[in-house]
K.L.:
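Can you read through this structure? Questions will come right after.
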2 protein chains.
Amino acid sequence: MSSPRSARNGGSDGSSAKRTPDAGAKPAERGIPEATVARLPVYLRALTSLSERSTATCSSEELATAAGVNSAKLRKDLSYLGSYGTRGVGYDVEYLRYQIAREIGVTQDWPVVIVGIGNLGHALANYSGFSSRGFRIVALLDADPARQGEDVGGLGIRSFDDLEQLVEEQRVAIGVIATPAQAAQDVCDRLVAAGVTSILNFAPQVLSVPDGVDVRKVDLSIELQILAYHEQRKSLAEAGADLETIDAIEKVI
Amino acid sequence: MSSPRSARNGGSDGSSAKRTPDAGAKPAERGIPEATVARLPVYLRALTSLSERSTATCSSEELATAAGVNSAKLRKDLSYLGSYGTRGVGYDVEYLRYQIAREIGVTQDWPVVIVGIGNLGHALANYSGFSSRGFRIVALLDADPARQGEDVGGLGIRSFDDLEQLVEEQRVAIGVIATPAQAAQDVCDRLVAAGVTSILNFAPQVLSVPDGVDVRKVDLSIELQILAYHEQRKSLAEAGADLETIDAIEKVI
DNA sequence: AGAAGTTTGTGAACGTGAGAACAAACCGAG
DNA sequence: CTCGGTTTGTTCTCACGTTCACAAACTTCT
């Protein structure tokens with residue numbers, strides 16, 4: 001895994017983007033475990049929800065329930081950020097919310113470009129959850145001239161050739177790929193060359209990127225297939241048969 | 001976690017749906033590790049791609065590269081399914097592809113309902129990756145009468161009230177939720193009551209379901225936030241400053 | 001047939017994550 | 001001020017996942 005161009009995918013649960021274990025020189029470098037990082041946005045959302053209901057403080061138990069995890073895990077996750085709670089009392093909702101937002105980095109604004117404005121691209125462009133959480137879509141790009149000029153969610157679709165200029169001018173660090181699979185790697189290469197260092201990939205395609213670039217993938221059909229696996233097991237189990245036997249028989253066939 | 005209605009979310013990397021550890025009576029029960037299950041669809045896709053290029057056999061190294069993992073992990077994953085390779089030679093592409101497809105359960109056809117046909121629902125309904133991989137969308141449901149009747153990808157949008165009848169008649173086991181967050185739990189409850197036992201949730205909302213029901217979530221803004229976290233660390237590191245110091249200073253403020 | 005070269009499958013070491021349990025710290029009542 | 005109740009932060013243990021390393025098994029060449 002020391003090639004200059006290694007795919008940074010894998011991980012334990014479908015989508016992922018692990019940083020190289022030894023990204024820095026120091027051994028620990030105050031690193032928050034990846035599993036915890038993935039849960040922080042969930043806590044943030046739960047806190048926002050509590051805040052909207054004018055809740056001033058909450059216990060780890062309440063917050064954990066709202067976030068769908070157990071309280072021990074929650075407390076351990078929060079302990080990586082620091083000691084922001086008060087024993088015997090709980091957490092101040094607003095304070096904790098700000099601390100998590102700061103740790104994730106969503107107190108600042110992140111400009112984002114979306115490439116590939118098909119069905120999915122349209123949905124992403126219209127998704128309000130981005131702007132409300134520190135992300136600002138600065139451009140919608142598509143290689144197809146027929147689509148260019150069309151207005152989607154208040155933004156015009158522009159040529160993919162505008163990419164380099166855009167990234168430089170607006171300091172875009174995050175790109176979203178919503179193109180067909182066969183175009184994904186080329187688009188990815190252009191994004192990286194233009195200076196994008198974080199990519200969210202919706203195309204069903206393994207992307208290979210140089211070190212220092214993070215890729216996370218969201219793959220709809222993979223999620224369904226994982227569900228299908230469990231569903232199949234359920235129906236087999238329901239049939240009251242011994243799973244090993246069935247598998248053994250099927251394999252012989 | 002023994003409540004009759006426990007949220008089955010969490011997991012190490014964003015989206016997930018762990019089964020209860022002791023789902024069956026036996027200790028092992030030929031269970032394939034969850035992390036492996038999540039990668040099988042990736043291998044399946046890589047094999048399909050190789051097959052389309054008329055490749056008859058491949059080594060674990062080749063397949064691993066195509067799937068974006070390292071070869072040791074690939075071999076270990078495949079070893080949970082059985083011994084389908086030949087030492088000194090590699091794997092027969094077609095044979096292995098069928099074995100993985102059978103293990104996942106995509107050799108059969110899975111009827112799927114999609115609830116909530118907004119922007120995202122439209123995109124999902126038009127996504128060709130479902131049908132080509134063993135999933136058949138049997139209905140698009142929406143509670144909004146204004147949307148009902150509209151044709152999306154060859155299917156008419158129907159009333160959400162048709163759900164129960166549909167699930168029974170077509171033996172639907174998998175449901176996709178693409179509604180706004182505030183409707184998600186209600187829709188989820190209706191789906192479960194109707195007999196759906198696997199749910200793919202796109203709404204930014206923690207769902208609570210009874211035991212025996214699997215939920216996987218796909219959350220776009222969470223993925224972006226995870227990227228933002230790493231992006232922030234990158235820019236701090238690039239500034240050449242000691243991360244601990246910066247964090248310490250910011251926290252005092 | 002035997003030797004040399006490949007490649008799989010797996011045992012063992014290592015690292016990471018989850019959960020239980022508990023001491024430390026805080027609040028409020030008396 | 002002290003005591004009892006509450007809740008956090010942390011330690012310890014166990015389970016899971018990843019990676020290394022190598023024997024077993026196969027092919028090919030001589």
Side-chain angles (χ1 to χ4, degrees), chain A residues 1-2 6 8-14 16 18-22 27-28 31-40 43 56-65 67-93 95-96 99, chain B residues 1-2 6-14 16 18-23 27-28 31-40 43 56-65 67-93 95-96 99:
Chain A
M1 269 292 219
S2 63
S6 64
R8 191 90 64 72
N9 288 11
S12 66
D13 218 350
S16 78
K18 287 212 158 43
R19 311 223 53 209
T20 38
D22 53 351
I32 297 178
E34 197 56 34
T36 297
V37 171
R39 281 187 295 266
L40 290 180
Y43 303 153
T57 66
C58 69
S59 68
S60 64
E61 195 65 45
E62 292 172 74
L63 184 53
T65 303
V69 300
N70 83 22
S71 62
K73 201 192 297 193
L74 172 77
R75 287 199 301 277
K76 183 170 245 187
D77 283 342
L78 294 185
S79 78
Y80 290 114
L81 313 189
S83 277
Y84 296 134
T86 312
R87 298 176 191 217
V89 179
Y91 301 94
D92 181 291
V93 172
Y95 182 59
L96 183 58
Q99 292 301 337
Chain B
M1 272 286 217
S2 63
S6 63
R8 193 89 64 71
N9 289 12
S12 66
D13 216 350
S16 78
K18 286 211 160 43
R19 310 226 52 208
T20 39
D22 53 352
I32 298 178
E34 196 56 35
T36 298
V37 171
R39 281 187 294 265
L40 290 180
Y43 303 153
T57 67
C58 68
S59 69
S60 64
E61 195 65 44
E62 292 173 74
L63 185 52
T65 303
V69 300
N70 82 24
S71 63
K73 200 191 294 195
L74 172 79
R75 286 199 303 276
K76 175 143 274 195
D77 283 342
L78 294 185
S79 77
Y80 290 114
L81 312 188
S83 277
Y84 295 135
T86 311
R87 297 176 191 217
V89 179
Y91 300 93
D92 181 291
V93 172
Y95 182 60
L96 182 58
Q99 293 299 338

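Lettering follows sequence order; numbering is per chain, from 1.
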K.L.:
Between A:Asp77 (CG) and D:dT8 (P), how many Å, whole number?
P.N.:
14 Å
K.L.:
Just the rounded figure in Å: distance from P of D:dT7 to CG of A:Leu78.
P.N.:
16 Å
K.L.:
Write down the atom of A:Leu63, the atom of A:Tyr43, and the distance for their closest heavy-atom approach.
P.N.:
CD1-O, 4.4 Å
K.L.:
Under the criterion side chain to side chain contact (heavy atoms under 4.5 Å, CB included), which of A:Asp92, A:Leu78, A:Leu96 is the partner of A:Tyr84?
P.N.:
A:Leu96
K.L.:
Can you check the A:Leu63 CG to D:dT8 C1' distance for me, whole Å?
P.N.:
13 Å
K.L.:
Which listed nucleotide (C:dG9, D:dT8, C:dG17) is nearest to the side chain of B:Ser83?
P.N.:
C:dG9
K.L.:
Which pair of heavy atoms, one from A:Asn70 and one from A:Ala64, lies closest together, and at what distance?
P.N.:
C-CB, 3.8 Å
K.L.:
If you define the side chain from C-beta out and look only at heavy atoms, does anything of B:Asp77 sit under 4.5 Å from B:Val69?
P.N.:
no
K.L.:
Where is the tightest heavy-atom contact between B:Tyr80 and B:Pro33, given as atom of each residue plus distance?
P.N.:
CZ-CG, 3.6 Å
K.L.:
Distance check: side-chain N/O of A:Tyr91 vs OP1/OP2 of D:dG9, anything under 4.0 Å?
P.N.:
yes
K.L.:
Which residue, A:Ala72 or B:Ser59, contacts DNA chain C at a nucleotide closer to its 5' end, judged by nearest heavy atom?
P.N.:
B:Ser59
K.L.:
Any side-chain N or O of B:Asn70 under 4.0 Å from OP1/OP2 of D:dT19?
P.N.:
yes
K.L.:
If you check the B:Arg87 side chain, which of D:dG17, C:dG9, C:dC26 turns out closest?
P.N.:
C:dG9
K.L.:
Could you state the CD-C1' distance from A:Glu62 to D:dT6, rounded to the nearest angstrom?
P.N.:
13 Å
K.L.:
Please determine, for the side chain of B:Pro33, which listed nucleotide (D:dG17, D:dT19, D:dT8) has the closest atom?
P.N.:
D:dG17
K.L.:
Rounding to an integer number of Å, can you tell me how far B:Arg39 CZ sits from D:dC16 C1'?
P.N.:
12 Å
K.L.:
To the side chain of B:Ser79, which of C:dA20, C:dG9, D:dT8 is closest?
P.N.:
C:dG9
K.L.:
With a 4.0 Å limit, can you tell me whether B:Ser60 has a side-chain N or O closer than that to the phosphate oxygens OP1/OP2 of C:dT8?
P.N.:
yes
K.L.:
Choose from D:dG17, C:dG9, C:dG17 the nucleotide whose nearest atom is closest to any side-chain atom of B:Ala35.
P.N.:
D:dG17
K.L.:
Looking at B:Lys76 and D:dG17, is any side-chain donor or acceptor paired with a base atom of the opposite kind under 3.5 Å?
P.N.:
no
K.L.:
Provide, to the nearest angstrom, the distance between the CD atom belonging to A:Gln99 and the C1' atom belonging to D:dG9.
P.N.:
16 Å
K.L.:
Rounded to whole angstroms, how far apart are CZ on A:Arg75 and P on D:dT11?
P.N.:
14 Å
K.L.:
Write down the distance between CD (B:Glu61) and P (D:dT19), rounded to a whole number of angstrom.
P.N.:
13 Å
